[in-house]
Amino acid sequence: MTPPYPFSAVVGLADLRLALLLTAVSPAVGGVLVRGEKGTAKSTIVRAVAALLPDVDVVPGCRFACHPATPDAACPDGPHDPAAPAQRRPAALVELPVGATEDRVTGTLDLQRVLSDGVKAYEPGLLAAAHRGVLYVDEVNLLPDHLVDLLLDAAAMGRAHVERDGVSVKHAARFLLVGTMNPEEGEPRPQLVDRFGLVVSVAAPGRAPERAEVVRRRLAYEADPTAFAARWSPEDAALAGRIAAARERLGAVRLPDRELDRIAAICLDYGVDGLRADIVVARCAVALAAWHGHPEVRVDDVRDAARLALPHRRRRDPLDPPGTDQARLDEVLDRHAPQPPGPDGDAPDPDDPGGGPAGPGGGPDGGGPRGGPDGGGSGGPAGDPPYDAGGREQHPRPGAAAPHADGGPPPAAAGTPPVAGTDRARADAAPPVAAGAAFRPRELRAARRGQAGHTGRRSPAYAHRGRVVGARRPTGRITRVHLPASLRAAALRGGAPVTGADLREAVHVGRESNLVLFVVDASGSMAARRRMTVVKTAVLSLLRDAYQRRDRIGMITFRGTAAEEVLPPTTSHEVGVLRLAALRTGGRTPLAAGLSAAVRTLELERRRDPRRRPLLVVVTDGRSTSGPDPATVTPALAGVSTVVVDCESGPVRLGTARRLAAALSADCVPLDALGAVRGAA
């Protein structure tokens, strides 16, 4: 079997390395969410950290990886014999694909044993398989919200509670939860991000020597994976030993009241919501102390824990770009820094090595892995040590990035990776979309009921979960048995025992997400009398609503003589806000061109993803002063759920938007009635 890429061979990513090591020491920290652009070694380093975890002793034959000395009393495979021999195996690495079902995650009824043995039996899912190991979720921002809720609840409580098809099961589910995501594909809900203990943003190296070293190591690994892994095995072995030692020390680390008070003051000053931040920072600080070999939490442990656990917890608007509060966090940390040491010597001595019983650095041999060419913890035979004399990762100041070795400017601070040239990099500089209070938008839905679309919160659709509305013959593997219908089918067959041919699956109706395509009139008639200010405010509220309902969005504008797709369909609602803010107006009104562009976009998206139904939102006053008659285009949009937002105003109204809505068989919503209530959306 090909060995995984060594953890120590990864270049850079010091904050991510530290966050993963801390959660390996203490899974109670709550897991790690890794945000970064494509091609930044997110998946590589996550798979590599699993190889550093200590091997686990399990009860032979137990599907839930119970520890022989302390088996789970509620284990569905129990009770276990305490005198039974133990089996030792590596910690599991379980990967959760985006297309996984709820049954695959939590487990379900074992129908084969139900029919053959007549007993209720539970078939465990991925949560059971990941117990005492690593559960890795790639593209976690694309995972359905209810699955993310299940994962985070299990990670927080250390147990999975399953109620499925007449089966009630509880089992241990303690694992290191790691999620990765590309922000370009859309942000997860702030509530879900908050449930992750630590959030780290990563970016590709910004200097040519570092990038060349990444390529050099990758090519060497692909040429001979076994030899490459053997070259880095001493560094990985040292880290694995340090993790095991830190786990042993974890229970003995003390959290002094002064540091606990400092954590509470920092969280309060930083303006986080709730108390989860305080708890995570405290757990992370304890894990840091154990990692460094400190007998008690120090002020540097609190600073580094806050740097990893707080920046993502202060977003006020769901469409605000994340990672914009690093300067604010630095200011808060500086304000709550300890005073100069007094006669009692409470303040920590920065020169104190603090190596603990295992020596400086807390490792088994008194030292940590060597640094890479960046000197920032890359690891490797040719680099500088990434730890100072006290065993701490080298940072000139917690919360600040180290300067380049050539004296150049430092890279972006943790949490705000440089993404120059993208809309996200200009998020802070973007002007407000519109003045005044935002609309609370009316709920817009696609017509009719969808067929097993993408899980979301907008339009009704047949789904894998939701309200049971009927039963049908199964077309594949049964996920939900409709017991009354199955018994009725057996009775109609003559009252014989229920067989596989009699099984019926339940039909559920839930909510789906849609492709919401905005077609916005940006002509001169819309810009008159400051109407465009109100239009932008209304569309911004609709964008926020689409974000909360987990929709994909796209935007087309038309003005002058042509239409432009300013935002191809995406889940990145932040980009939609930026494009809306930069919207130019003026010129004539080519309404037909805007509708034709919508036809092309919808057709392309239908081929890409036939399961996602579109919802077309046309924002216009209905006038057409350039190009062909819109009536020549409207037949091509037949069957598409459409809403026309009527922007016509003034004492004299021609009703052109209402006539357009009639031609499209669409609902017509006046702009001033779009939100019955004004206020925060």
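Atoms considered below: every heavy atom in the structure, side chains included; atoms not considered: hydrogens, waters and symmetry mates. Not measured: the values here are computed from a predicted model.
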Exercise for the section: Decide whether Thr180 and Glu139 meet the rule of one side-chain donor and one side-chain acceptor closer than 3.5 Å. Expected result: no

Practice task
Mark yes or no for whether Thr589, through its side chain, and Leu591, through its backbone, hold a donor-acceptor pair below 3.5 Å.
Solution key: no

Problem - N/O donor-acceptor pair under 3.5 Å between Asp521 side chain and Val619 backbone - result: no

Fill in the blank from the handout: Distance col, row Thr585:OG1 vs Leu583:CG, nearest 0.5 angstrom, shows 7.0 Å

Completion exercise
When rounded to the nearest 0.5 Å, the distance separating OG of Ser641 from CG of Asn514 is 7.5 Å

Exercise for the section: Please report the shortest heavy-atom distance between Val519 and Gly594, naming the atom on each side. Expected result: CG1-O, 4.0 Å

Handout entry: Side-chain donor or acceptor of Thr601 paired with backbone N/O of Ala597 under 3.5 Å
Key = yes

Exercise for the section: Determine the minimum heavy-atom distance between Gly197 and Val280, stating which atoms define it. Expected result: O-CG1, 3.3 Å

Fill in the blank from the handout: The salt bridge (charged side-chain N to carboxylate O under 4.0 Å, His left out) partners of Arg600 (sequence neighbours excluded) come to none

Practice task
Examine distances only and state if a side-chain atom of Arg504 and a backbone atom of His482 form a donor-acceptor pair shorter than 3.5 Å.
Solution key: no

Handout entry: Side-chain touch Leu542/Phe518, heavy atoms, less than 4.5 angstrom
Key = yes

Fill in the blank from the handout: Closest non-hydrogen contact found for Leu127 with Ala154 is CD1-CB, 4.1 Å

Fill in the blank from the handout: One should read off an interatomic distance between Asp646 CG and Asp667 CG, to the nearest 0.5 angstrom, of 13.0 Å

Exercise for the section: Flag the pair Val34 / Leu16 as yes when at least one side-chain heavy-atom distance between them is below 4.5 Å, and no otherwise. Expected result: yes

Problem - Polar side-chain atom of Thr642 near backbone of Ala666 as donor-acceptor pair, under 3.5 Å - result: no

Practice task
Identify the two heavy atoms, one from Arg211 and one from Ala204, that lie closest to each other, and give their separation to 0.1 Å.
Solution key: NH1-CB, 3.8 Å

Exercise for the section: Go through the steps to decide whether Val200 and Arg35 satisfy the test side-chain contact (heavy atoms from CB on, under 4.5 Å), and finish with yes or no. Expected result: CA-CA 6 Å; Val200 180; Arg35 306 176 70 257; over 6 Å; no

Handout entry: Whether Glu648 side chain and Gly655 backbone form a donor-acceptor pair below 3.5 Å
Key = yes

Fill in the blank from the handout: For Pro614 and Ala446, the nearest pair of non-hydrogen atoms, with its separation, is O-CB, 4.4 Å

Problem - Under-4.0 Å salt bridge between Glu512 and Arg458 - result: no

Practice task
Verify, without hydrogens or angle tests, whether Thr656 (side chain) and Asp621 (backbone) share a donor-acceptor contact under 3.5 angstrom.
Solution key: yes

Exercise for the section: Kindly say whether Asp138 contributes a backbone atom to a donor-acceptor pair with the side chain of Lys42 at under 3.5 angstrom? Expected result: no

Problem - Spatial distance of atom CD (Glu37) from atom OG (Ser201) [nearest 0.5 Å] - result: 10.5 Å

Problem - Whether Asp551 side chain and Ile553 backbone form a donor-acceptor pair below 3.5 Å - result: no

Practice task
Would you mind reporting whether Leu602 and Leu637 have side-chain heavy atoms less than 4.5 Å apart?
Solution key: yes

Practice task
Determine yes or no for a side-chain-to-main-chain donor-acceptor pair under 3.5 angstrom, with Arg606 supplying the side chain and Arg612 the backbone.
Solution key: no

Problem - Pair Arg588-Ser523, side-chain contact (heavy atoms from CB on, under 4.5 Å): steps then yes or no - result: CA-CA 5 Å; Arg588 306 185 72 180; Ser523 63; over 6 Å; no

Problem - Flag side-chain contact, heavy atom, 4.5 Å: Leu660 against Thr620 - result: yes

Handout entry: Atom pair OG (Ser624) and CG (Asp629), whose distance is rounded to the nearest 0.5 Å
Key = 6.5 Å

Exercise for the section: Determine, stepwise, if the pair Val643 / Val618 fulfils side-chain contact (heavy atoms from CB on, under 4.5 Å). Expected result: CA-CA 6 Å; Val643 176; Val618 184; over 6 Å; no

Practice task
Answer yes or no: is there a side-chain heavy-atom contact under 4.5 Å between Leu664 and Val644?
Solution key: yes

Exercise for the section: Identify the heavy atoms of Gly586 and Arg559 that sit nearest to each other, and give their distance. Expected result: O-NE, 3.2 Å

Handout entry: Separation between OG of Ser541 and NZ of Lys536, rounded to the nearest 0.5 Å
Key = 14.0 Å

Practice task
Report yes if the side chains of Leu198 and Leu33 come closer than 4.5 Å at any heavy-atom pair, otherwise no.
Solution key: no

Exercise for the section: Report yes if some heavy atom in the side chain of Ile556 is under 4.5 Å from a heavy atom in the side chain of Val520; otherwise report no. Expected result: no

Problem - Any side-chain heavy-atom pair of Thr44 and Arg218 under 4.5 Å - result: yes

Handout entry: With sequence neighbours excluded, residues passing side-chain hydrogen bond (donor to acceptor under 3.5 Å, both in side chains) with Glu564
Key = none

Handout entry: Residue pair Tyr136, Ser43: steps toward the side-chain contact (heavy atoms from CB on, under 4.5 Å) verdict
Key = CA-CA 9 Å; Tyr136 171 43; Ser43 300; 2.6 Å; yes

